[in-house]
Structure formats: structure tokens, C-alpha cells
Number of protein chains: 2
Amino acid sequence: MGIDKAAGITPISSAEAHNKVLQIGLFGFGVVGEGLYKILLQTPSLHANISKVCIKNSYKKRNAPEQLFTTERDELLNDPSINVIVEVIDDSEAAFEIISTALKNGKAVVSASKKMIAEHLPEILQLQQDTGLPFLCEAAACASIPVIRNLEEYYDNDLLHSIKAIVNGSTNFILTKMFEEKLDFQQALLLAQQLGFAESNPALDVEGYDAVNKWAILLTHAYGIVEHPNNIVFNGIQNIQGTDAVVAREKHYEIKLVGQAKKLIGGKVAAFVLPQFIRQDDHLAFVKNEYNGVVIESGFADKQFFYGKGAGSFPTGSAVLSDISALRYGYRYEYKKLYYHKPNELTNEFFVKVYLSFDDLKYIPKEKFEWIEEWHSDADRKYLIGVIAFEELRKGNWWRENNTSLIMTPEPIIEDIELRKLKKKSLELAGVI
Amino acid sequence: MGIDKAAGITPISSAEAHNKVLQIGLFGFGVVGEGLYKILLQTPSLHANISKVCIKNSYKKRNAPEQLFTTERDELLNDPSINVIVEVIDDSEAAFEIISTALKNGKAVVSASKKMIAEHLPEILQLQQDTGLPFLCEAAACASIPVIRNLEEYYDNDLLHSIKAIVNGSTNFILTKMFEEKLDFQQALLLAQQLGFAESNPALDVEGYDAVNKWAILLTHAYGIVEHPNNIVFNGIQNIQGTDAVVAREKHYEIKLVGQAKKLIGGKVAAFVLPQFIRQDDHLAFVKNEYNGVVIESGFADKQFFYGKGAGSFPTGSAVLSDISALRYGYRYEYKKLYYHKPNELTNEFFVKVYLSFDDLKYIPKEKFEWIEEWHSDADRKYLIGVIAFEELRKGNWWRENNTSLIMTPEPIIEDIELRKLKKKSLELAGVI
């Protein structure tokens, strides 16, 4: 056959692809690790075997044969018959050590540790470049939704207008219960914990740390932006009050914790993870309870919406499984937008229209606002809706202190060049000019 | 590095992956072909060039350099520098000739011709086996929604419970207009044609041919079922009456043209493409106008929902682009459920609960029903809701003749072993026993 092998279209037989056996060394046998183990038992056609599982505490009772387990990580990392390391442990510094050593030892890596990945993006990118080995992490963001793969493969640099997503199931569950069953925050949190949707220490979810870690990872695959999560403006839902939900309902909105990124006119990217008012006809309004959802707007595919479970043993396990499956044909992320283009940059030079509720006006630096469109005050809670430079949120903390609650409005981002026009229109409407 | 190359984890440098240039021979320069051409111009990082475009009529004015075009297909198929054939033409027999020759000549193939693929599934599978070359067709079903890739990679044989989808945007547009703006069928069709969502000869869409072709393709990737579309029970929306929409609204349902497949208790698969009542809280109720949507239920990932544009120049072009992009790393479908398992089989041995509206009872063989739960009659239109063996629909045509309209109820499939229990319950409720 006249095939041009230099072009990389190499014929292979099905049998050949099928005979590649993946020998897996698994780190972690918690909720996700055990889920993956059970899934692999039920998917023999994948030809992927768990050779060994490294755990921290050997005394715990496990639902798997005893000889599978070890507490010595080098038994996995130095075993030449193991060609894939799957890492699903909680300790992010230990996880980084493991995946670094694994790549350096010539093993492909699948990881679900969003915190570790988000905090070590530059090193992990470098390790992939140095070793030429795949590092896949579909499970680290939105679990059962194949969002990373989709961002890698469906969008080139110039095509992705915006991405907007609910990436944390615990907070979405709590907000849904606050809305639909009118529970207050503490009751909703307790229910989430009882149902297993929130950790016993819920701060990671509730205060937005989990969401911003996922957002840092998605920004790399979406736009080639490599930023530490500390440099992304974020907040959780801990400040949202029952009265905010009342206002949202009056305005026919819901409140969601939303990660957002949008390419601005100059080509730089605005990004943040903050509570947001969502219109009822917005795709994200459809995402209730512990589910996740992602809306991608692009030049060619138009609007895509993905919805699925973003956490839990089997949804996360199935995402890990899809990565393992992709290793069978040598899949790796290309990071096209990072390496083959002038990478995109984050910017703080834009404005946002926000809702702010507070106990006392003295906590609010109202002079920082470009203009204020709405004031409301009752006995014990007040709110305003106004436009402010995003930089003011980045450099200040006043908007999340003193019981103040900041919620983005439905289309919050205002670009520099729109500001003057919008301000004039708003003041005209208010009868000021 | 101690990598086990036999296991297929081969290190490659980014530069190596990046330097694979894909030289494309494109067949067809209609809506999709020209869309793809424009997209590729804007995505230089893909390193994919269109070398030549084969067209049927050389006299048409094209928005591309003249030297790009030829009417001689062998100029593409016999050019050793071309390593990828992209085929997006309308004539399905010519398309099959092209993709067969291309594969035999050692070229990878990307195709968007759903009719051709659906009607030639066995030959296309054989050609992939014989040549070991990739044949990718993400654009052939739901365009911008990566449903084929997802079915291939996220689900092993035992994991996929069911798949339910709106795969034809034209009919969904028409039904949306019939519902939301209370247009009658002919008005809605005319509007769809004016807006470019329906062909001037709309029978392919309206009578369900397009949808069943896509369903045949998805059944192969979902369940390893290889069936000619003629063997799948289907209908379009041509028989739906304004009065059916009135009944649906009374019952708080919408009407959609839905492809459905469900694994039954015995392991065989029930599948069909028919109009269906959809509850307002069903994910598919969210899919309006020309959009497509897919709901996948599985043992591990739980429920996934994908939504996006299913047709049109750029959405289809972007799906073709994602296939081209995947060729860069040698991706090919594995057809795991077909080759590595006992393939699933279609069955007609189950029952369905259907709504049937008609002009005169004489057209309805009511003795064929297991039981009838609801009768309704007014001056010029009557309906019933009842349970019938699916085999009666497969072998008869009475349900789509004489102006009769059949619509599936929301959870239509009833398995053999449930039948007796449900019948008893239904008759009790009706006060018959």
C-alpha cells in the first residue's frame, strides 16, 4: 500500500491494538481507587490489569485480594512490568512526587488529583515535554464529562470564544437545596454531608478552592494559560444569604457557583470562579443538585453543552477508565494553544457588573464603582447592583468580608470600549442625565 | 528509560507529533466542504493542508483558488502525497466508491456521509480490518456533539444501559415551532426551509430516513450492532397532527423525534426511531429548534447529556476537524463491543406503550393491543393509549397509514416479564377487575 508513513498514518491491525496489555500500578484505594478497581473487573476487554496497589495504611480492611496491596511505593514505581501509573490519592505533595517519578521512570500517568495538578502545572508540562510520555487527567475536572479531551481536540486557538461551567457538585447541590427547598446554607450543607456530596471538612468545596483548581486546569487546555490557582480571582458560596436567594427568585434568576473564561477583543482572557446569577433559560440553570455542566461557545461548533456527574466513585472511575483506554492508542494531550501559538494571557483589565448584599453600607467602598444601577435596603439587609473594575476585586478583600456577599450578574463582563456607552445608557435610564 | 515498548506506551516529543503534516484530498465543496476549507484556513496549527478538492461541476463559481479544484477523482485517490481523504459529498454510492478506494490505496478517511455509512456498515468495517487504516465519521451523527468518540471510549460492553437522542435538527425545529408558536406542520416546514434548516426536498429529514441512518451508525459504536437501517423500525414526523400537540400539552409533554436503544434484561437490545412524548423534566425537553441532544445512561458514568448543533456548515466542519485532528495521533475506532465481546443483537421481543391518534377506528386493529388504558374521541379526531407487542409495529404498516399518528409514551419499553404485572395494575386502575 502506498502509505506515507512519515505523515503518521500507520496501518495497524485490530489484533495489534488489542494485544497491548496495560499493567497498572494504582496509588490510592479510597472512593475513586476502589471504584476504578471494580470497573476494571467488569471491563476485561480493556486488557488493563491492576498489578499492584500502593496504600498508606496497611491495616484497613479492603475489598480486594490482600496480595494486591503494598505500602512501598517503589514496588510500583521501579517495577519495569508496570507501564501505567494511576494516581488517585488525597495528599497532593505526595501525589506530585509519585507522578514525577513515574514519568521519569518511563511510565504513562493517569491522575485525578486536581489540587496537585493545578498547583504544579508548569512542572507537569515540563515533565511531559522532557519524557515525551502521556499525562492524562480527564477525571480531574468534571469527572464523567469529557471536557478536557473536547477542549484539546475540538478547538484550535482562535475558535474558543468562551467557556462557562459548574465544576463543583457539592456547592451546586447546596445551592439547589437552598433554592428548591428553601433550606438555609447550614441545613443544605448538612444534607449534602449526610448524602455524601460534601466532605466532613467542607471548606475545600464550599469556599471555592476545589472549583478554582479545576478552573486552572481547564484554562490550560482551553486557552494555553498556565496560572497558579492563587492568581485566579475566586470565591465560594459561604457568604450567600437566604436573602440573596429571595432577590434572585424575584428577578427570575438562580444562583450557581460558576467558572467563567472569555476571550476579550484584544485577545486576552478574562477568567474567574464566582457565584453568579443565572437566567432560567441559561443552559447552566438546567444543572441541578450534584451534577456538573459545561457550556462552550466557539466560532464553528457554536454552542455545546455537556452535563453529567462531576464526582463520586464511579463517575470519576469511568473518567479514569477513559484515559486508560486512550493510552491503548498512545493518546497524549498536545496543548496546541500553548505550544503552537503565542499563548493566551489572563487579564484583569475589564469591568464587571455585580450584585453585592451587605449588612451595613460602611463596609462597601462605593466610590470604587463606575456606576450603581440599583439600590435596595430593608431592615437588616441591603444590596446594590453596580459596575466595577475587576482589578478592584483582584486587589481587595472587602467584597468577601464582613458578611458581604458578591454575586456576578448574568452577563457580567464589560470590556473597556463598551464601558462609556453602557454608563451613558444606564444613567439615562435612571433619569440622572 | 525503562519503558516497555511492547505495551504501546511510546514516548514521543511534541515536535514529533507536531511535524506530522496531513495532506488532505477533499471530495465535495458544498455547505460542509466549504465550511471545512474556511475552518482549516483559520487553524494553521493543525498542520493539515487541503491539497486538492474534487468536485462534480467545474463550472460553478467557488470561493477558493481555482487551481485547488479538479473533477478527476483519481488525481486525489492516486496521489501518493495525499494521506487523508475527507469525503463530504451527497451521492452515497459515489461516496462509497471513493472511501473504499481511498482505504485500499492506503489513505486514512474522514467521512460525513451518514446515509452511505449506514447502508454500508459491514463493508466499511471489513475495509478497516483489511487495511488497518482509520475511518472516522464523528460528523455523521450529531455533528458538533462528540457522541461517537464518547461511545467508543467511555463505555465498555456491559456498561451502557441506554442511549436516547434527538439526532435530526430539521424535524426538531419543526416540532418546536408547532409547539411554541402553534404553527401547523406545513407552516413550520416552510419556515424551516426558509431558514435553511430543511432541504428543499424535505422527505429525508421529515420521514425519518436521516435519523434512522444516524441511529444505525450509533448502534454500531454503542452496542456493536451492525444492522441495515431498513431493519430498524422508524418513522418521521409527517403524520403528527396539530391535535396531537394539543393532547401533548394537556399532558404536560412535548413531542420529539427520538432515537432510542435500551439493553433488555436478557442482554438483547431494543431500538427504534419514532416520535415520542417527552416529559418536561426530561433532558431532551431542553433540546429546542435545530439543536441535537444525546442522553446516555450507564453503570458507572451515570447519566450524561450532550447538547449542540447537529448540522450546518461550521458545526459539521468542526466535527470533521476533530477527526482530522485525531488522525495526528493515529486515532482509530476500536469497535470494542463488536470485536472483543459477543456482539449485542437487536430484538423485537418486547412491548411498547403507545399513543395512537386516527380519523376512524376502522383503521386500527385494536385486537392486537394487550390492553388499552385510555380512549378519547371528538368530532374529527380520536386517540387511544395502549400497550402492544413491538413485533406488531415491525411487521405492519397500519400505524403509519390512513392519516394515523403513532407517538411513543415517555417510558415506552415494557419487557416481557413486566407485562403481566403491569396489565393487572392497569386494569385494576381502570376498575375492570
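In what follows, every chain begins at residue 1, and chains take the letters A, B, ... in the order their sequences are listed.
Interface summary for chain B: among A:S313, A:A326, A:S322, the most heavy-atom pairs under 4.5 angstrom belong to A:S322. Ranked by heavy-atom pairs under 4.5 Å with chain A, the list B:S298, B:G308, B:S144 is led by B:S144.
When each of A:F306, A:Y291, A:F286 is paired with B:H283, the ring-ring contact (aromatic ring centres under 6.0 Å, His included) condition holds for A:F286 and for no other.
Not a single donor-acceptor pair under 3.5 Å links the side chain of B:Q304 to the backbone N or O of A:Y307.
Side-chain contact between A:N150 and B:P146 is present, with heavy atoms from C-beta onward closer than 4.5 Å. No side-chain heavy atom of A:R149 sits less than 4.5 Å from a side-chain heavy atom of B:R149.
With a 4.5 angstrom heavy-atom cutoff, A:I296 does not touch chain B via any of its atoms. For chain B, the nearby part of A:A143 is the backbone; its heavy atoms alone come within less than 4.5 Å. In this structure, the portions of B:I39 lying under 4.5 Å from any heavy atom of chain A include both its backbone and its side chain.
Judged by distance alone, the side chains of A:S325 and B:K336 do bring a donor and an acceptor atom under 3.5 Å apart.
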